[in-house]
J.: 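One structure, as structure tokens, below. Some questions next.
Hydrogens, waters and symmetry mates play no part in the numbers below; they use all other heavy atoms, side chains included. Predicted model, so just to flag it, every value in this text is computed and none were measured. The first residue in the sequence is number 1, and the count goes up from there.
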Amino acid sequence: MLRTALILLGLTTGSLFAQSLPIDRQATKETRNLYRNLQKASKKGTMFGHQDDLGYGVNWRAEAGRSDVKDVTGEYPAVFGWDLGRIELDSTKEIDGIPFESQRKMIQQVYAQGGVNTFSWHLNNPVDPTKTSWDAMDFSIRNIFSDKEIQNRYDSWLDRVATYFLSLKGPKGELIPVIFRPFHEHTGSWFWWGKDHATVDEYVKLWRYTVEYLRDKKGVHNLLYAYSTDRFTSREEYLERYPGDDVIDLVGFDIYHRPQTAKPDRFLEDTRKMVEILRTIGKEKRKYTPLPKPDWRNSPCLTGGRRY
């Protein structure tokens with residue numbers, strides 16, 4: 001619970017940085033509207049999010065309408081995080097045990113109430129599907145594109161992802177727009193796509209291939225693509241594996257608060273620095289939406305934003 005909640009906060013902390021239109025020129029009307037509304041909302045404050053908010057919580061699971069955030073605050077969060085992990089294996093349940101059919105209904109509920117749906121994908125390794133995201137293997141990406149059998153396997157996984165995204169529909173049959181955050185935390189090395197297991201060019205190739213396959217080959221036009229690193233200390237580190245402005249809609253980062261007794265807790269200091277670096281990057285890449293200056297001393301949401 002705590003780990004996944006912080007992942008969403010990491011994406012929204014520092015706000016949303018965006019160009020005026022999605023990178024998909026065939027994006028649905030609803031997807032374009034979501035993009036515009038995210039930019040408008042970013043001028044007002046921070047949108048608080050929670051992973052699997054409607055799926056399970058403290059001492060409960062699969063209770064209709066239940067939410068830990070709502071239990072505590074009286075309101076649902078603004079951002080709802082979900083995961084696609086295990087869809088590549090044709091499982092009926094995602095990585096945290098939520099049936100995909102139930103997840104789809106919860107996504108529809110979020111859409112109906114005006115919330116934002118986001119997806120990560122903790123996919124197994126296409127080189128060896130018995131290995132999870134955390135079973136880090138060197139040269140996995142290289143092997144995907146050098147071995148036709150492995151590439152075909154990865155393509156079939158993307159086919160399942162595409163089918164699922166295209167099944168997310170609103171009450172009038174319109175596709176529900178979502179934020180897709182693939183291959184996240186790649187500045188760390190705990191996933192098979194992490195920095196110690198793939199070259200810069202390999203990571204960029206995987207990202208671009210994935211976007212182009214879903215968008216151009218499978219016709220998935222209800223996605224906004226989010227680039228999200230783990231901790232970084234400089235502009236250069238953040239952009240080292242950046243796949244390109246033409247395949248990214250939003251930029252952000254994941255950050256975990258893990259207090260350590262052996263040394264001073266630098267969470268706020270480090271996060272502040274990363275947000276300011278990201279602001280500069282957003283301006284340079286024209287993916288920046290102006291925000292109020294953060295008040296790090298008084299804000300419970302890290303950026304001086306409103307709690308939803």
J.: Does the gap between the ring centers of Phe145 and Tyr209 come in under 6.0 Å?
T.: yes
J.: So Tyr35 and Pro177, do their side chains get closer than 4.5 Å, heavy atoms only?
T.: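 No; the side chains remain at least 4.5 Å from each other.
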J.: Please check if the number of heavy atoms outside Gln26 that lie under 6.0 Å from its CD is greater than 12.
T.: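 No, because the 6.0 Å sphere around CD of Gln26 holds 12 heavy atoms or fewer from other groups.
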J.: Is it true that Lys217 and Asp155 have a side-chain N and a carboxylate O under 4.0 angstrom from each other?
T.: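 Looking at Asp155 together with Lys217, the answer is no, because their closest N to O distance does not fall below 4.0 Å.
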J.: Please list, chain by chain and in numerical order, all residues satisfying salt bridge (charged side-chain N to carboxylate O under 4.0 Å, His left out) with Lys195, sequence neighbours excluded.
T.: none
J.: Sort and list the pairs that fulfil salt bridge (charged side-chain N to carboxylate O under 4.0 Å, His left out) and have at least one residue in residues 229-239, not counting sequence neighbours.
T.: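 Applying salt bridge (charged side-chain N to carboxylate O under 4.0 Å, His left out) to every pair that reaches into residues 229-239, excluding sequence neighbours, yields Arg231-Asp270, Arg235-Glu284.
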J.: Looking at Glu276 and Lys273, is there a salt bridge between them, counting it only when a charged N and a carboxylate O are closer than 4.0 Å?
T.: no
J.: For residues 161-178, which residue pairs pass the salt bridge (charged side-chain N to carboxylate O under 4.0 Å, His left out) check, not counting sequence neighbours?
T.: none
J.: Which value, rounded to the nearest 0.5 Å, describes the distance between Asn143 atom CG and Ile150 atom CD1?
T.: 5.0 Å
J.: Are Val200 and Tyr242 connected in a single hydrophobic cluster, I mean Ile/Leu/Val/Met/Phe/Trp/Tyr linked by side-chain heavy atoms less than 4.5 Å apart?
T.: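 Shared cluster, no.
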J.: When rounded to the nearest 0.5 angstrom, what distance separates NZ in Lys285 from OG1 in Thr280?
T.: 13.0 Å
J.: Please find the pair of heavy atoms, one from Pro126 and one from Trp192, that lie closest to each other, and give the distance.
T.: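 Smallest interatomic distance, heavy atoms only, reads CD-CZ2, 3.5 Å.
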J.: If you define the side chain from C-beta out and look only at heavy atoms, does anything of Gln103 sit under 4.5 Å from Trp82?
T.: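 Gln103 reaches Trp82 side chain to side chain.
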J.: Working note: Phe80 + Asp53, criterion side chain to side chain contact (heavy atoms under 4.5 Å, CB included); need CA distance, chi angles, decisive distance, verdict.
T.: CA-CA 6 Å; Phe80 294 74; Asp53 183 75; 3.6 Å; yes
J.: Tell me, please, which residues at least two apart from His186 pass side chain to side chain donor-acceptor pair (under 3.5 Å).
T.: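 Result, side chain to side chain donor-acceptor pair (under 3.5 Å) vs His186: Tyr203, Tyr227.
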J.: Check Tyr111 against Pro171 and note the closest heavy-atom contact, atom names and distance.
T.: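 Tyr111 and Pro171 have their closest heavy atoms at CE2-CD, 4.1 Å.
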J.: Work out which heavy atom in Leu278 is nearest to a heavy atom in Gly252; give both atom names and the distance.
T.: CD2-CA, 3.8 Å
J.: Among residues at least two apart in sequence or on other chains, which ones pass salt bridge (charged side-chain N to carboxylate O under 4.0 Å, His left out) with Arg142?
T.: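 Arg142 satisfies salt bridge (charged side-chain N to carboxylate O under 4.0 Å, His left out) with Glu202 only.
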J.: I'd like to know whether the aromatic ring centres of Tyr213 and Tyr154 sit less than 6.0 Å apart in this structure.
T.: no
J.: Distance from Ser120 atom OG to Gln51 atom CD, nearest 0.5 Å?
T.: 5.0 Å
J.: Out of Phe119, Phe165, Trp207, which one pairs with Phe180 under the ring-ring contact (aromatic ring centres under 6.0 Å, His included) rule?
T.: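 Going through the options one by one, the only one that passes is Phe165.
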J.: Do the ring centers of Phe191 and His184 come within less than 6.0 Å of each other?
T.: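 Yes: the rings meet the under 6.0 Å criterion.
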J.: Please determine if Glu269 and Arg272 form a salt bridge, counting it only when a charged side-chain N lies under 4.0 Å from a carboxylate O.
T.: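 No, Glu269 and Arg272 are not salt-bridged.
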J.: Is Lys218 atom NZ crowded by more than 12 heavy atoms from other residues, nucleotides or ligands, each under 6.0 Å away?
T.: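 Buried by this count: over 12 neighbours within 6.0 Å.
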J.: How would you list, by chain and number, every residue that makes a side chain to side chain donor-acceptor pair (under 3.5 Å) with Gln108, sequence neighbours excluded?
T.: none
J.: CD of Gln113: more than 12 outside heavy atoms within 6.0 angstrom?
T.: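 Counting other residues, nucleotides and ligands, CD of Gln113 exceeds 12 neighbours.
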J.: Indicate yes or no: at least one non-hydrogen side-chain atom of Leu223 is less than 4.5 angstrom from one of Asp24.
T.: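 SC-SC contact between Leu223 and Asp24 ruled out.
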J.: Check Ser189 against Ala136 and note the closest heavy-atom contact, atom names and distance.
T.: O-CB, 4.0 Å
